[in-house]
Every structure is written in structure tokens, then in C-alpha cells.
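Before any comments, here is the structure.
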2 protein chains.
Amino acid sequence: MKETDEIRPILPSPQSVDAMDRRILAVLVEDATVSYAELGNRVGLSAPAAHERVKRLKRSGVIQRMAALIEPNALGKGLLAFVHVDTRGWGKTPALMAVAGYPEVEEVHSVAGDACMLLKVRTENTHALEGLLARIYDAPGVLATRSYVVLSTYLERPPQPGVTASWPMPKALLPIENAQ
Amino acid sequence: MKETDEIRPILPSPQSVDAMDRRILAVLVEDATVSYAELGNRVGLSAPAAHERVKRLKRSGVIQRMAALIEPNALGKGLLAFVHVDTRGWGKTPALMAVAGYPEVEEVHSVAGDACMLLKVRTENTHALEGLLARIYDAPGVLATRSYVVLSTYLERPPQPGVTASWPMPKALLPIENAQ
DNA sequence: TTTGAACCCTAATTTCATTCGGCCATTATG
DNA sequence: CATAATGGCCGAATGAAATTAGGGTTCAAA
């Protein structure tokens, strides 16, 4: 994980995220209101040391920001849907990007597969979803949309710091070689 | 460490979220590290008044929690994908729900449409995605999966407090009557 | 060996969260 | 109409937390 035999740039950015950083991130992703003293003794550091690392993680961009996560139902946005948008030509048109201005639109991705663009939207009701879809259809080059309305959400969380080191072998599949 | 401001999980507060609350939320969704004094004079309140409202928003569950938002690329999770899972029978099986235990899985929804379940996953690479898909296929009742690998993300943000009051009329559609 | 950088610590200082008491409003209530 | 009672706000005080300061230790390069 640490590569000390490589060149050591003096630049502040390419600093590696070590195990201690991951433990800090694991705490802060769950609860960003802990005091540095509390954070420190959860990961085994003093308050200033924890603070120093958090500052570094922010500076280097690993921590983008601290945010309040709100309950959409409490704010009248009870309808969640994923919208696949098929476009002719290049999907990322300015008109289509303009829908990102609506607070109902939470995500806009271009994807590989049979859909060009994929949107995650959260509206008050089906009527508002229809209004949003109408805006999408108005964009030139939009051929069709397919909407997947969410019935129940079983898990929804921001990016996690953890990674699964080794995946269990599936029952029915044994690869010939473990390339890479 | 005194706990006079304990967050009670009880939510018998039928109090509505007014315009001032929305303005507070708009600030905190963007940056949860502002001091109450700063928050106060951004929305036009004193520090204790702003504090009081934030406490109420937390108690009532409108603010679920404060969280650090991290940059997945910096943590070696550069591959984002949406996985549609077709199942026979009821999709929400314990085996399928078990994949929610992996930190790579960020969202699990059941959806209306031709897919029963929809997952948002973020892995290190395609190999790890394959490992995760193998776990999904191992769940009984899983007929097929379709994966949409994200090429570019143009927008990705947590739920926003704002709602669009009135949707612009689409060019090509004029309803006969404005019901409701 | 020396130097410098990276890391950590304890202790001091300053900033801020939190509490407290009081001041209007609005809304029941006698 | 008068009078509580309530809800929401403010300014000031207090206590906790963030932040800074001043070394110690280790490790690796000069």
C-alpha cells in the first residue's frame, strides 16, 4: 500500500489514504458531528491529530464536503424515479443538461447500455414527474424515456469508504486464470 | 459532555417545515460546517434561533444526519453502475438483500417497470463488479441482470430541499383542462 | 551523524455551541 | 376587554470544543 521506493512528490495532492484515514472516513460518513476528541479516541488519535488528518482529507478533496442529509418525504418529495433517456446522436445536449437545474433532479449520468442518459429524480407526485418528463422530451434529440418508479427503498446511502478486498467465488463459475 | 440537546427518535411533531426552515436546509445541505452565527445571518436569524430550528429539524427527522461526502475516485472506487435485477416471484429475498452488506452497494430499490430490483453500486473496477454480479446471481429467483455502467457523471447530489412550484408547459402538449 | 520531514502528543488559547432570562407577538380564556 | 399562556426571537453569559503553539519521536536521505 505504501510505496516508499517510488518518487515522492512534494505536492500535497497525491498523498495516499492510509488505513487510519479510512477509519476516520468511516466515522465521518456516518456522523459528521462528532467532536475531534471523540473522533480521535474512536480511531486511536488525539484530537489535534485527528483534526490534522481531517483537514488534509478535505484539502486533498477526499472529503468533498460535509452535508445535511434530509428526509425527502418530510419535504413533500415522496416519489423517486430513475429515468432512462434514449437520444439520437450525442446525448449530452445543453437542453438536456438544463434539467439539472431543477432541484428534483439529483443525478445525471451518461451510461453504456441501451440508454444514453440516466437520471435520478425525486418529485412531489406523479404529476410533477410528468412535468419533468415533458421538459426532458422537449430537449432536441430525445427519442424516448423509460421511467422506473421506486416502490420501496431498502438501502440508500452516500459513497462508503470501505472496499471488499476479495469477492467470494460464485458457486457455478470458476475462472480459468486470475488475470491481473 | 452534557446531553441537553439529545436527539429524540420520537417524531410526534406535526409541525410543518416553513420557508425559514427550507432556507436553513438549503444552507446545511450545501455546507453543514457553518457556525450557527453564520447560518443565522445568512437566513436572517440570531445564532440561538438558528440553533433552535436546526435542533427541531433533527428531532423531527427532517434532517436525518450530517455526513461527510467523499470522493469515490480517491478511494479506488472509480466504477459506478446501475444494476437492474429481474426476479421470479417476489424480488426482495433475504439472499438478494444480503448484497446490501457490501460497501460497494449504495442503493437498493424495488421498482415498477420491467425490472424488479434496482441497485446502485460503486466498485473498484469491472472485475469487482463481476464479483458483485456473481453474488447477485447466486441469490435464488434471480432471472437476469442488466448493468448500466456510468461513463460520465454530470450531476450527483443528495436530496434537495427545494421543489419546483409550477412546471413550464411543454411545447407540444396542451392539456384540455387544468385539473387540480 | 546530521538534517529534515512526517507524524504524534500535551497544553494553552480562542472560537463557538449552548444555556439563560427577557421581550414581543399571537392566541386562547375568564 | 383584560389576562394568561404560548411560541419564537434576541442579547448576554458560560462552558465545551476547535484551533494553535511548542516540542518529542521516528525514519530516511544527505
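A note on names: the letters A, B, ... follow the listed sequences, proteins ahead of strands, and every chain is numbered from 1.
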Look only at the side chain of [X] and the backbone of [Y], and say whether a donor-acceptor pair between them is shorter than 3.5 Å.
X: B:Glu106; Y: B:Arg122; answer: no
X: B:Thr123; Y: B:Asn125; answer: yes
X: A:Tyr102; Y: B:Trp167; answer: no

Would you mind listing every side-chain hydrogen bond (donor to acceptor under 3.5 Å, both in side chains) that reaches into residues 62-80 of chain A, with sequence neighbours excluded?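 Checked against side-chain hydrogen bond (donor to acceptor under 3.5 Å, both in side chains) - neighbours excluded - the pairs reaching residues 62-80 of chain A are A:Glu71-A:Asn73.
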
Does OP1 or OP2 of D:dG8 have a side-chain N or O of B:Lys55 closer than 4.0 Å?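 B:Lys55 to D:dG8 OP1/OP2: no side-chain N or O under 4.0 Å.
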
Should A:Arg53 be listed as having a side-chain N or O under 4.0 Å from OP1 or OP2 of C:dC7? no

Looking at A:Lys55, I'd like to know if its NZ atom is crowded, meaning that more than 12 non-hydrogen atoms belonging to other residues, nucleotides or ligands lie closer than 6.0 Å. yes

For DNA chain D, which residues of residues 39-52 of chain A approach it to below 4.0 angstrom with any heavy atom?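 The answer is A:Pro48, A:His51.
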
Going by the rule side-chain hydrogen bond (donor to acceptor under 3.5 Å, both in side chains), which residues pair with A:His109 if we only count those two or more places apart in sequence or in a different chain? A:Glu107, B:Thr153

When the distance from [atom1] of [X] to [atom2] of [N] is rounded to whole Å, what number comes out?
X: B:Arg56; N: D:dG8; atom1: CZ; atom2: C1'; value: 10 Å
X: A:Asp18; N: C:dA6; atom1: CG; atom2: P; value: 14 Å
X: B:Tyr36; N: D:dA12; atom1: OH; atom2: P; value: 22 Å

With respect to the side chain of A:Ser35, which nucleotide from D:dT19, D:dA17, C:dA17 is positioned closest? D:dA17

